[in-house]
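Worksheet: the structure to be examined is printed underneath.
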Amino acid sequence: MKLFTLPNFLTLGNLFSGCLAILYLTHQFEVTSEKMIQTVFLLMLVSLFCDFLDGMVARKMKINSALGVQLDSMADMVSFGVVPGIMAMKMFQATEMPFEVWAYFGLLITLFSALRLAKFNIDTEQSTYFKGLATPANTILLFSLYWIQIHSGEIFSQNIDLYFLTALTALSSYLLIANVPLFSFKFKGLGWKENDYKFIFILLCLLLLLIFKMVAVPFILILYILLSLFYRKKIIHA
């Protein structure tokens, strides 16, 4: 069993970035809120990049390792399970909560991320598509809302944010384990016919991000789910 392979190093890079993000989110470094959110953003990009590359490199190098599969889930649990749970908690803490313990509801994201990753590991049908929302996508959604709150002081308003975040946490937790087929970005080829919905999604994402920047992310996630539902049969039989 080879421990030190390139895919495993990339997975550890994902894990390391996730650990650093947690340290910044929990104020282990004395930096401003603006510096903190920018650093977490960069660390999240590193985690996403490493998570995307490790599997692709493993396939190219023809390394089929059970160790790599387990290591990948552990890294994802930190970067895309613990990190968004902490972000959800911090967003709750910035609202007018009647009880301080209400903030712990945000950790529901972490618990359901663990369920989602464990479910993924034993499901043989998710090689070409996802069942339920992938943890990186959910993390991007939570980060976009956290970014908005940091820069605006609120997402909608102090009166609405608590109830919005409570509903969003419950909904995103459900979506993580829902048996809903959602397309992945694994390309078998670059032809339009077999990848039309992916190309449409990417083009619309770029347009929305160009116009609305970080505010576009929640709408992009809604678009992703709607496109997946519309192309459900094509996704399953890809």
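- For the pair S65 and T5, the minimum side-chain heavy-atom distance is 4.5 Å or more.
- Qualifying side chain to side chain donor-acceptor pair (under 3.5 Å) partners for E154, counting only residues two or more places apart in sequence or in other chains: none.
- For L207, the side chain to side chain contact (heavy atoms under 4.5 Å, CB included) partners are I211, not counting sequence neighbours.
- Taking the side chain to side chain contact (heavy atoms under 4.5 Å, CB included) definition, one finds that I150 meets it with S33, M36, I37, Y146, sequence neighbours left out.
- Partner F183 forms a ring pair (Phe, Tyr, Trp, His ring centres under 6.0 Å) with one of Y224, F130, Y231 and no other, that one being Y224.
- By the 6.0 Å contact criterion, CE on M214 is enclosed, its count of non-hydrogen atoms from other residues, nucleotides or ligands being greater than 12.
- Annotation: salt bridge (charged side-chain N to carboxylate O under 4.0 Å, His left out) contacts of K90 (sequence neighbours excluded): none.
- Under the ring-ring contact (aromatic ring centres under 6.0 Å, His included) criterion, Y129 pairs with no residue, sequence neighbours left out.
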For residues 215-222, run the donor-acceptor check on the side chains, cut-off 3.5 Å, and write out each pair with its distance to 0.1 Å, sequence neighbours left out.
none

Margin query: side chain to side chain contact (heavy atoms under 4.5 Å, CB included), that's the test. Do N138 and I109 meet it? Break it down for me.
Written below: CA-CA 9 Å; N138 194 49; I109 298 289; 3.7 Å; yes
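- For F120, the ring-ring contact (aromatic ring centres under 6.0 Å, His included) criterion is met by no residue, not counting sequence neighbours.
- In this structure, the separation between OG1 on T110 and CG on L115 is 11.5 Å, given to the nearest 0.5 Å.
- For I160, the side chain to side chain contact (heavy atoms under 4.5 Å, CB included) partners are F156, S157, F164, not counting sequence neighbours.
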Donor-acceptor list for residues 94-108 side chains, cut-off 3.5 Å, not counting sequence neighbours:
unit_1, atom_1, unit_2, atom_2, d
T95, OG1, F92, O, 2.6
W102, NE1, T166, OG1, 3.1

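- For the pair R116 and K131, the tightest heavy-atom approach, listed with the atom from each and the gap, is NH2-O, 3.6 Å.
- Annotation for L117 and S73: closest pair CD1-O, 3.8 Å, computed over non-hydrogen atoms.
- Within the structure, ring pair (Phe, Tyr, Trp, His ring centres under 6.0 Å) pairs that include any residue of residues 11-33 comprise Y24-F29 (at least two apart or interchain).
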Let me check something: any side-chain donor-acceptor pairs from residues 47-58 under 3.5 Å, sequence neighbours excluded? List them with distances.
unit_1, atom_1, unit_2, atom_2, d
S47, OG, N14, O, 3.1
S47, OG, N14, OD1, 3.4
S47, OG, L43, O, 3.4
S47, OG, S79, OG, 3.4
D54, OD2, T11, OG1, 2.8

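- In terms of modelled atom types and a separation under 3.5 Å, the side chain of R232 and the main chain of P181 share no donor-acceptor contact.
- Residues satisfying the side chain to side chain contact (heavy atoms under 4.5 Å, CB included) test with L204, not counting sequence neighbours, are I200, L223.
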